Amino acid sequence: MLGTFYIRNIKARVQMAQMNVSARAVDMLGRQQIAGIPTAIHELFKNAHDAYATHAEIDYFQDQNLVTLRDNGIGMTEEDFYKKWLTIGTSSKFGVNRKSDYIPQGMRERKLMGEKGIGRLAIASIGRQVIVLSRAERKDGLHDMIVALIHWSQFEIPEIGISEIIIPTRTFAEDQLPSLEDVQSMANELIEHLKTLGNAIPPSYFELISEDLKLFSFSPEVLFKNLQKKSKTTWEEGKRDGNSDGSLPILDGLGRGTHFIIMPCDETLGKVRISPVLALRVLKVDRCKAQFAANGPSPSQEL
């Protein structure tokens, strides 16, 4: 007797899956991988070296909880900023591409010091939010300045993906710097976007970011003008003492280079010791107050 056979027609449902990345991945790859603030600053100075900077300065104003880091390197074009600086894991410093696209006239090729692209992410170890300003110099001359506002606390929120985060940017032509109104416009743009994410943004994070953004209540143009005056004073003093070589460094934002305005800073910044990498200047509390006594209480105020 023959048995009964059943034939099942099984059709598999074919689907394609994609891997998603949480915004927290940026925080895990950056701030959480940095040993401390000195390491973070070291990474940023390595980036300045790789950008063919001949001078870089870091200023710390403890009373204002503000750090600025300025260099006169070749800077980033708008395309560089979007495709390299804002792109994690780029090949711009890897393998056969470990060579600058542009070397300033009269300078020799430098061996790149930055390797893993973590310098940009290291900024989060210094402070929660930053304004990035970069004006590139290439064979065709100076480019427009690219300016971006980043609040790193966004990258600590587990409920949102990296594609849900926006970074407000602006560009400024030669001889132009962002005004207070420009900075406030970018801040408002960020806040309005966070509102669209609704319950994905915990109220504590929304309040923190909103309050931090209010700290940027000054014009970068005024800030850099005052810092350049301080650089000139320091350079002239060094010249008299035989400690300054070359010409006066121009770090006013109008020339080539990349500048960072970091505020508020990590509360431990005033307690750490930072070793010089290039031309490094850290203004301590007493020195900051003394140098600003004649010019006003804050480097961001009009003199």
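All values derive from a computational prediction rather than experimental measurement.
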Visitor: Is the shortest heavy-atom distance from the side chain of Phe172 to the side chain of Asp144 under 4.5 Å?
Guide: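 No; the side chains remain at least 4.5 Å from each other.
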
Visitor: Just how far is it from atom CG of Leu227 to atom NZ of Lys225, taken to the nearest 0.5 Å?
Guide: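 Result: 12.0 Å between the selected atoms.
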
Visitor: Backbone N or O of Asp212 within a donor-acceptor pair of the Gln129 side chain at under 3.5 Å?
Guide: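 Yes; judged by distance alone, with no hydrogens or angles, the pair exists.
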
Visitor: Checking Ser185 against Arg170: is there a side-chain donor and acceptor pair closer than 3.5 Å?
Guide: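 Checked: Arg170/Ser185 side chains pair up, N/O donor to acceptor below 3.5 Å.
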
Visitor: Who are the side-chain hydrogen bond (donor to acceptor under 3.5 Å, both in side chains) partners of Asp266, not counting sequence neighbours?
Guide: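 Asp266 satisfies side-chain hydrogen bond (donor to acceptor under 3.5 Å, both in side chains) with Thr268 only.
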
Visitor: Would Thr169 and Val147 satisfy side-chain contact (heavy atoms from CB on, under 4.5 Å), going step by step from the backbone distance to the final call?
Guide: CA-CA 5 Å; Thr169 63; Val147 179; over 6 Å; no

Visitor: Treating Arg135 as the side-chain partner and Leu254 as the backbone partner, does any N or O pair qualify as donor plus acceptor under 3.5 Å?
Guide: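 Judged by distance alone, yes, a pair lies under 3.5 Å.
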
Visitor: Can you tell me if Thr87 and Tyr82 form a side-chain donor-acceptor pair at under 3.5 Å?
Guide: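 No donor-acceptor contact under 3.5 Å links the two side chains.
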
Visitor: For Tyr52 and Arg110, which heavy atoms make the closest approach, and how far apart are they?
Guide: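 Looking at all heavy atoms of both residues, the closest pair is OH-N, 2.8 Å.
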
Visitor: If you take all heavy atoms of Pro220 and Leu133, which pair is closest and at what distance?
Guide: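 So the minimum-distance heavy-atom pair works out to CB-CD2, 4.3 Å.
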
Visitor: Which heavy atom of Ile123 sits nearest a heavy atom of Leu44, and at what distance?
Guide: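 Distance-wise, the nearest heavy atoms are CG1-CD2, 3.8 Å.
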
Visitor: Side chains of Asp80 and Thr77 only: does a donor on one sit below 3.5 Å from an acceptor on the other?
Guide: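 Looking only at side-chain atoms, Thr77 and Asp80 do form a donor-acceptor pair, the distance falling under 3.5 Å.
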
Visitor: Please round to the nearest 0.5 Å and tell me the distance separating atom CZ of Phe45 and atom CG of Asp50.
Guide: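 Those atoms lie 13.5 Å apart.
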
Visitor: Work out which heavy atom in Leu142 is nearest to a heavy atom in Gly255; give both atom names and the distance.
Guide: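 Closest heavy-atom pair between Leu142 and Gly255: CD2-C, 4.5 Å.
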
Visitor: As an exercise, state the distance from OG1 of Thr196 to CG of Leu194, rounded to the nearest 0.5 Å.
Guide: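 The distance works out to 7.5 Å.
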
Visitor: Are the side chains of Pro178 and Glu221 in touch, meaning some heavy atoms are under 4.5 Å apart?
Guide: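 No; the side chains remain at least 4.5 Å from each other.
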
Visitor: For the side chain of Gln228 and the backbone of Leu251, is there at least one donor-acceptor N/O pair under 3.5 Å apart?
Guide: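 Yes; judged by distance alone, with no hydrogens or angles, the pair exists.
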
Visitor: Any chance you could measure Leu180, atom CG, to Leu223, atom CG, to the nearest 0.5 Å?
Guide: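 The distance works out to 12.0 Å.
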
Visitor: Run the salt-bridge test on Lys84 and Asp101 with the 4.0 Å N-O cut-off and return the result as yes or no.
Guide: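 Salt bridge present between Lys84 and Asp101.
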
Visitor: Please answer whether the main-chain N or O of His151 pairs with a side-chain N or O of Gln154 as donor and acceptor at a distance below 3.5 Å.
Guide: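 At least one qualifying donor-acceptor pair exists.
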
Visitor: Begin from the C-alpha positions of Phe206 and Lys195 and carry the test side-chain contact (heavy atoms from CB on, under 4.5 Å) through to its verdict.
Guide: CA-CA 9 Å; Phe206 185 84; Lys195 290 179 180 178; 3.9 Å; yes

Visitor: Please check: side-chain N/O of Arg138 versus main-chain N/O of Ile74, any donor-acceptor pairing under 3.5 Å?
Guide: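 Such a contact is found between Arg138 side chain and Ile74 backbone.
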
Visitor: Assign the ring pair Phe81 / Trp85 to parallel, tilted or perpendicular, where the plane angle (0 to 90°) is split at 30° and 60°.
Guide: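 Parallel, since the angle between the ring planes stays under 30°.
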
Visitor: Any carboxylate oxygen within less than 4.0 angstrom of a Lys/Arg side-chain nitrogen, looking at Lys83 and Glu78?
Guide: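 Not counted as a salt bridge, because no side-chain N and carboxylate O are separated by less than 4.0 Å.
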
Visitor: Can you give me the closest heavy-atom contact between Pro249 and Trp235, atom names plus distance?
Guide: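 The answer is CD-CD1, 3.8 Å.
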
Visitor: Main chain of Gly161, side chain of Glu164: is a donor-acceptor contact present, judged purely on distance under 3.5 Å?
Guide: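 Yes; judged by distance alone, with no hydrogens or angles, the pair exists.
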
Visitor: So does Glu236 pair up with Lys239, basic N to acidic O under 4.0 Å?
Guide: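 So Glu236 does not pair with Lys239 through a salt bridge.
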
Visitor: With a 3.5 Å cut-off and no angle check, do the side chains of Asp182 and Ser179 form a donor-acceptor pair?
Guide: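 A pair is found: one side chain offers a donor N or O, the other an acceptor, under 3.5 Å apart.
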
Visitor: Distance from Asp59 atom CG to Gln64 atom CD, nearest 0.5 Å?
Guide: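 Spacing of CG (Asp59) from CD (Gln64) equals 11.5 Å.
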
Visitor: Going by atom types alone, do Arg70 and Thr258 pair a side-chain donor with an acceptor below 3.5 Å?
Guide: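 No, Thr258 and Arg70 have no side-chain donor paired with an acceptor closer than 3.5 Å.
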
Visitor: Hey, any chance Trp152 and Leu86 share a hydrophobic cluster, counting ILVMFWY side chains that come within less than 4.5 Å of each other, even indirectly?
Guide: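 Yes, because Trp152 and Leu86 connect within a single hydrophobic cluster, where side-chain heavy atoms sit under 4.5 Å apart.
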
Visitor: Among all residues two or more places apart in sequence or in another chain, which pass the side-chain hydrogen bond (donor to acceptor under 3.5 Å, both in side chains) test with Gln176?
Guide: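 If we apply the side-chain hydrogen bond (donor to acceptor under 3.5 Å, both in side chains) test to Gln176, skipping adjacent residues, there are no hits.
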
Visitor: Any chance the side chains of Asp71 and His55 put a donor and an acceptor closer than 3.5 Å?
Guide: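 No, because no side-chain N or O of Asp71 sits under 3.5 Å from a partner of the opposite role on His55.
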
Visitor: Rounded to the nearest 0.5 Å, what separates atom CE in Met263 from atom CD1 in Ile126?
Guide: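 Output value for this atom pair is 15.0 Å.
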
Visitor: Within the 4.5 Å heavy-atom criterion, are Ile250 and Asn72 side-chain neighbours or not?
Guide: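 Not touching, per the 4.5 Å side-chain cut-off.
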
